[in-house]
2 protein chains.
Amino acid sequence: MIVVKTEPSRIGLRVDAQHNRDRILEVAADAFAELGLDVPMIEIARRAEVGVATLYRRFPTKSALVHEVFADQLTTCAAAVDDGLADPDPWRGFCSVIEKICAMQVADRGFTAVFLSTFPEREANVAERARAERQFAELVRRAKEAGKLRRDFAHSDLTLLIMANNGVAGSAGEAAAAASRRLVGYLLQSFRAEQAQPLPAPAPINLQDLFCRS
Amino acid sequence: MIVVKTEPSRIGLRVDAQHNRDRILEVAADAFAELGLDVPMIEIARRAEVGVATLYRRFPTKSALVHEVFADQLTTCAAAVDDGLADPDPWRGFCSVIEKICAMQVADRGFTAVFLSTFPEREANVAERARAERQFAELVRRAKEAGKLRRDFAHSDLTLLIMANNGVAGSAGEAAAAASRRLVGYLLQSFRAEQAQPLPAPAPINLQDLFCRS
DNA sequence: CCGCAAGTGGAGAGCCTTTTCCGATTACCG
DNA sequence: CGGTAATCGGAAAAGGCTCTCCACTTGCGG
């Protein structure tokens, strides 16, 4: 009989190794959230009480570790979109998606860079991400249909908002949460259909761009 | 007779040294704008065609060079505020200030971090900065008075906008200019008095925060 | 035109990162 | 138990940065 581990991450590891691997992912998530993506590997090693070599034996590069850690962040995001789509009021759903995603960004300093990158190293994420985007597009369509969301809201405006919120989340220190809420408050008001005024053209924002920064 | 140099920056330098100093400031400004504040000193040295030692003889630290370079950026900002205040229509003046500052941010990658820091190392800048802030506060007062700017616009909302725009400017690559314009377009619409809806409380944003990032 | 203080550039010290190496240790199967 | 392959952790290699040191060069007053 083949024993399937609780985590489908890696089978065939010695139990102590598996244990270490799990703890690494755990503390790495905390460290990235707290200190940002540029926390040194040795700091993660210290927190997990292992040597750096152990990190590199499980994850070939730092980038691989990052992507592994944030795989489920993406899932949480996708869930937020699903929730929004499930709301009978598409406008309320739209607002809740944006509010949730922005709150996640504030709570986790490493979140944005990884969220907006396309995870080239993990096939599964690409698919999930694409699905979430389709769902969101559908939500946008319904909200416009209902006359609540302005007609000229562009798909790229979500990215714009995320980039803007990232600026606030990264810079506002203690007050980041409050600042982000206020920014989102302002932007949601200008997204409403009732008060739409002509606007500069939407920018063809490349999602990759956020990645190469930081 | 005492000879006063054209640049009041440093008198008593040998002419070749003064020449080098000027060129360093010149190319450093370009380099910061192009590559951001984290461009290596050796790159600036290369561009100015001097050795790194020459950089450090004129500017004790990299930070000192940065502050020196951005001293006149602050002046440009202050001028933008003055222009806005001079406009007979305070709302139009308010918009122009914000549009100008945001455009500067996009054009110059190093701008924001320095702009929002308090320049602890340069007395003169502190005063000029304080003056600009008073001017802007007055502009805000008038715009509210005229019934164009929403009453609950907070002083910290300018900082919020600058942080948000910084996120866009830093992340949007090629499309940064268009993205920034659109963000500013959205936000200016929600700053208008007519369509004000209740908003989350303004955040007590600490200007210093941007500095310790990056 | 000469002497020397002021100025110079490149090598490298010191520090921080990511990533690799390797001898010591340990889980696990029989 | 005991042998062995998997796993371990710390040391250090490799490469980035800021900033310093020092032997050489040069503008300029007399």
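Chain A is the first sequence line, chain B the second, and so forth, proteins listed ahead of strands; every chain is numbered from 1.
DNA chain C lies under 4.0 Å from at least one heavy atom of each of the following residues of residues 42-50 of chain B: E49(B), V50(B).
Side-chain N/O atoms of Y56(A) include none lying less than 4.0 angstrom from OP1 or OP2 on dT20(C).
Both P60(A) and P40(A) lie close to DNA chain C; mapped to their nearest nucleotides by heavy-atom distance, the more 5′-ward contact belongs to P40(A).
Here K62(A) contributes atom NZ and D38(A) contributes atom CG; the two are 6.5 Å apart, rounded to the nearest 0.5 Å. To the nearest 0.5 Å, atoms SG (C95(A)) and CG (L139(A)) are separated by 9.5 Å. Interatomic distance, C77(B) SG to I162(B) CD1, rounded to the nearest 0.5 Å: 7.0 Å. Here the straight-line distance linking atom CG of L199(B) with atom CZ of R150(B) works out to 5.0 Å at 0.5 Å rounding. The CE atom of M163(B) sits 12.0 Å away from the OG atom of S180(A) when rounded to the nearest 0.5 Å.
Closest approach of A169(A) to A176(A), counting heavy atoms only: O-CB, 3.9 Å. For the residue pair L183(B) and L160(A), the shortest heavy atom distance occurs at N-CD2, 3.9 Å. Of all heavy-atom pairs spanning A154(B) and R182(A), the tightest one is N-NH2, 3.8 Å. Between A33(A) and D108(A), the shortest heavy-atom distance links the atoms CA-OD1, 3.0 Å.
For the pair R23(B) CZ and dG7(C) C1', the computed distance is 14 Å after rounding to whole Å. Rounding to whole angstrom units, CD1 of residue I24(B) and C1' of dG9(C) are separated by 12 Å. Protein atom CD of Q18(B) is 14 Å distant from nucleotide atom C1' of dA6(C), rounded to whole Å. The separation between L55(B) atom CG and dG10(C) atom P is 13 Å, rounded to whole Å. Going from atom NZ of K62(A) over to atom P of dT17(C) covers 9 Å, rounded to whole Å.
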Donor-acceptor list for residues 23-32 of chain B side chains, cut-off 3.5 Å, not counting sequence neighbours:
from   : atom 1 : to     : atom 2 : distance (Å)
R23(B) : NE     : A48(B) : O      : 3.1
R23(B) : NH2    : N20(B) : OD1    : 3.3
R23(B) : NH2    : A48(B) : O      : 2.9

Between protein and nucleic acid, restricted to nucleotides 11-15 of chain C and to nitrogen or oxygen atoms under 3.5 Å apart, what atom pairs and distances do you find?
none

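Between R21(B) and F59(B), the closest side-chain pair of non-hydrogen atoms falls below 4.5 Å.
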| request: I would like to know whether E43(B) and R47(B) meet salt bridge (charged side-chain N to carboxylate O under 4.0 Å, His left out); could you show each step before the answer? | output: CA-CA 6 Å; E43(B) 171 64 20; R47(B) 292 184 180 209; 2.9 Å; yes

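Taking the ring-ring contact (aromatic ring centres under 6.0 Å, His included) definition, one finds that Y186(A) meets it with F191(B), sequence neighbours left out.
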| remark: Heavy-atom contacts, protein to nucleotides 25-30 of chain C, under 4.0 Å, summarised as B (base), S (sugar-phosphate only) or - (none) per nt, yield -BSS--

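Here chain B contacts DNA chain D (any atom closer than 4.0 Å to a heavy atom, that is under 4.0 Å), and the contacts span dC17(D) to dC28(D) from 5' to 3'.
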